There are 4 protein chains.
Amino acid sequence: MLPPGEPKFRRRPADRPEEILAAALEVFAERGFAAARVEEVARRAGVSKGAVYLYFETKEALFRAVVTQSIAPNLNQVIGLTAVEVPFESTVRAVFTMISQRMASDWRMSGVIKLVIAESRNQPELARIWHEAMIAPALGLASRLIEAGQRQGAVRHGDARYFAMGLMGPVLLSTLWRETFEPIGAEPVQIDRLIAQHVETCLKGMRP
Amino acid sequence: MLPPGEPKFRRRPADRPEEILAAALEVFAERGFAAARVEEVARRAGVSKGAVYLYFETKEALFRAVVTQSIAPNLNQVIGLTAVEVPFESTVRAVFTMISQRMASDWRMSGVIKLVIAESRNQPELARIWHEAMIAPALGLASRLIEAGQRQGAVRHGDARYFAMGLMGPVLLSTLWRETFEPIGAEPVQIDRLIAQHVETCLKGMRP
Amino acid sequence: MLPPGEPKFRRRPADRPEEILAAALEVFAERGFAAARVEEVARRAGVSKGAVYLYFETKEALFRAVVTQSIAPNLNQVIGLTAVEVPFESTVRAVFTMISQRMASDWRMSGVIKLVIAESRNQPELARIWHEAMIAPALGLASRLIEAGQRQGAVRHGDARYFAMGLMGPVLLSTLWRETFEPIGAEPVQIDRLIAQHVETCLKGMRP
Amino acid sequence: MLPPGEPKFRRRPADRPEEILAAALEVFAERGFAAARVEEVARRAGVSKGAVYLYFETKEALFRAVVTQSIAPNLNQVIGLTAVEVPFESTVRAVFTMISQRMASDWRMSGVIKLVIAESRNQPELARIWHEAMIAPALGLASRLIEAGQRQGAVRHGDARYFAMGLMGPVLLSTLWRETFEPIGAEPVQIDRLIAQHVETCLKGMRP
DNA sequence: GATGAATGAGCGTTCATTCAT
DNA sequence: GATGAATGAACGCTCATTCAT
């Protein structure tokens, strides 16, 4: 009874939007917003060009969805750590171990970070959302952690926000390194080893 | 350099390429390569659209020129420091003081860095050029400096390249912060202060 | 006609084509052929988009059906008047009273007239059908009536077809007025009063 | 010195917009707004698709320009007649002689009238503009003329606006006849003869 | 050299039509 | 029969590039 050959249409389950989002993240991360072609997103998602528009109003809406959906899963993980009450240095090690594991395993984050940076002028609303939902909370959490360390006498005098940025900077560097220079043949960075070494350096350097 | 008596508002054709490059950097940094319009570059350079094509074969050639011309001035300055032979920590402080001053004063570098990151997949040749001409030499220089420090017993055991990235990471972070989040109202970062604090933290943390 | 006991809100499949045609006339009259969307027709008919294609091969076939089905009911009514043999002026008054009542009550005719006019170049076959089935018979009927009046000495010398058009013109004008200018706030026309006054004027003006 | 073959570009004088408008009127009148293709307008104007967008922002703006530019020349001509003070019947004859000549010679008016009618729901602003700039003034002028005739005892009792519509109706009918039914082979209407006969009929029928 | 009107390939988006369910 | 997700041709609009002036 099955007709020979491939059926022209195939009804798929409700995960179509996710498949399109995944394909869109790939294409946007590779090409940037303007150079990405909707048809290419559709091709990688295994659907026709028109199907993309069944789920997303415009190319820009698709882009927004790509960026905003990247926030939730990471946010929860970071928030989870605030509850734990442990000595300062152990907490910093735990947070950055988690971050480096996420960065190493979740290839999607690197792409989104690059997109937010690259498109911030064209889509300031996305930069704002990312700042408010991801950057500011994470930076605030780290700053408060450091300030607590300073009050406990575990951390020397200094701007807590700059200490936090000093810890985070190499995370960003290694992420963008992987996105930018590894594809053209630069020596790979082992993110977990880089971060582990850097965290120890900073912890020692931040002691009174 | 200007012939005396020449009124300075008189545009001399010989300046055209530089003016176009400056305008192009502005527009590319704001919009990215694909979303940048040649006509907008021409407008900001005060020339006609056709004039851009008198000096640059294509939009892509213009982009390549923007990125490659940004290398030379910075490269010389870094190379200059290798000649000087001073104690390890003083050299690190001197290098990063210079870097933070350049980053704070030369708004063009931030834009180019962002462009190289954003367009690395579309224009891998540019990422390669930047890596070979800027990143690898600078990283190699820093690594060799640190290795020398380790041989002198001034720096503890550890991967020299990761120490260098640990030092550089916050420079990149603050640069992209200024490009990405300050325009949407995020709290500004004082790059020189951040870097100064971070360098002291790392120097202390890198001691044996 | 309805079987007794059948609840009237129960949609019977046999009504589908009529419901679709009614919805299609609405949408085509509002938007014109090209701007009308099949999905909107389906929505107003309370069926799915696919259902339209169960009854009509293509959008164009649906449009043809809308236009051609509008012919029959009116044709019978006009033809009915030819049988009656009454004095000239009474017949003219009777015909135009009927026309003005139809025009005032049957909002569908106005829409179809507008469609035939608007789409005559894209669908010349429809203009031809309408001309052959509606316009030419009606105009021929009126012309023969007037020629009879002229032979009886009740109507002055002149082109009978132009007299007929002189009588019909304001009917068309008021119909299109209602379609075109009343929706944007122009003063409404009372079609029956306009036609009554105009018929008297023409009858008097056509006397020898 | 002339290169053989056709030059790829040819700079034309400042009448480009008019050429495009003329071509656009043709295409819109034939196809309606939605079915008209910008590329076809460009082809008939002898320019490329992109050139249309040098002079008109969007297809809709082009359509608006087509409709609004049709108003001015006719308006002046009608207004000119209000100044003249002549006996009632002579004035009516003069006005309609002028109208029939315009309609017979200026093929553009018929197309625009059809467009305004057909697109009034999609582009109500245009129907409003046409009503305010053409229809209402002309109808008001005719009504005032007839009311003056009534005060002079030259016109019998009756609604002046309906008398005016009675006079104008056949003008619209014959115009749309030419647009709609003559292209499909219907017998042509000699607009000037129809109107001349109709005006005499109405004038006689409007006498007290 | 310099200009900017003109070109036309390319892409976002729509929607008539199809067909697996 | 009915549905509506899916398709893909078509078309509006943009903008890098060209070239007559």
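Throughout, a chain's letter reflects where its sequence line sits, starting with A, and its residues are numbered from 1. Predicted, not measured: the structure shown is a model, and the values here were computed from it.
- Residues B/Lys59 and C/Ser48 each lie close to DNA chain F; by heavy-atom proximity, the contact nearer the 5' end of the strand is made by C/Ser48.
- A close approach under 4.0 Å does occur between a side-chain nitrogen or oxygen of C/Tyr55 and OP1 or OP2 of F/dA2.
- Rounded to whole Å, atom P of F/dC13 lies 14 Å from atom CZ of D/Arg37.
- The partner of F/dC11, taking Watson-Crick or G-U wobble pairs whose two distances both stay under 3.5 Å, is E/dG12.
- Toward the 5′ end of DNA chain F lies the nearest nucleotide of D/Ala35, the other residue of the pair D/Ala35 and B/Glu60 mapping further downstream.
- Taking atom CG on B/Leu62 and atom C1' on F/dC15, their separation rounds to 15 Å, with Å as the unit.
- For A/Ala34 and B/Leu54, each mapped to the nucleotide of DNA chain E holding its nearest heavy atom, the one lying further toward the 5' end belongs to B/Leu54.
- Along DNA chain E, the nucleotide closest to B/Ala51 and the one closest to A/Phe33 are compared, and the more 5′ of them pairs with B/Ala51.
- For F/dG1, neither phosphate oxygen OP1 nor OP2 lies less than 4.0 angstrom from any side-chain nitrogen or oxygen of C/Arg16.
- Contact annotation for D/Ala42: no contact, since no heavy-atom pair falls under 4.0 Å across all strands.
- Each of D/Glu26, D/Glu179, D/Glu30 was evaluated against C/Arg121; a single residue qualifies, D/Glu179, per the salt bridge (Lys or Arg N to Asp or Glu O under 4.0 Å) test.
- Contact annotation: side chain of A/Lys49 to base of E/dG10, donor-acceptor pair absent below 3.5 Å.
- Between B/Tyr53 atom OH and F/dA16 atom P there is a gap of 6 Å when expressed in whole angstrom units.
- Screening C/Leu115, C/Ile71, C/Ile117 for a side chain to side chain contact (heavy atoms under 4.5 Å, CB included) with C/Trp130, the sole residue that qualifies is C/Ile71.
- A 3.5 Å limit on both hydrogen-bonding distances identifies F/dT3 as the Watson-Crick or G-U partner of E/dA20.
- Computed from coordinates, the D/Ile20 CD1 to E/dA6 P distance equals 8 Å when rounded to whole Å.
- Rounded to whole Å, atom P of F/dG12 lies 11 Å from atom CD of D/Glu40.
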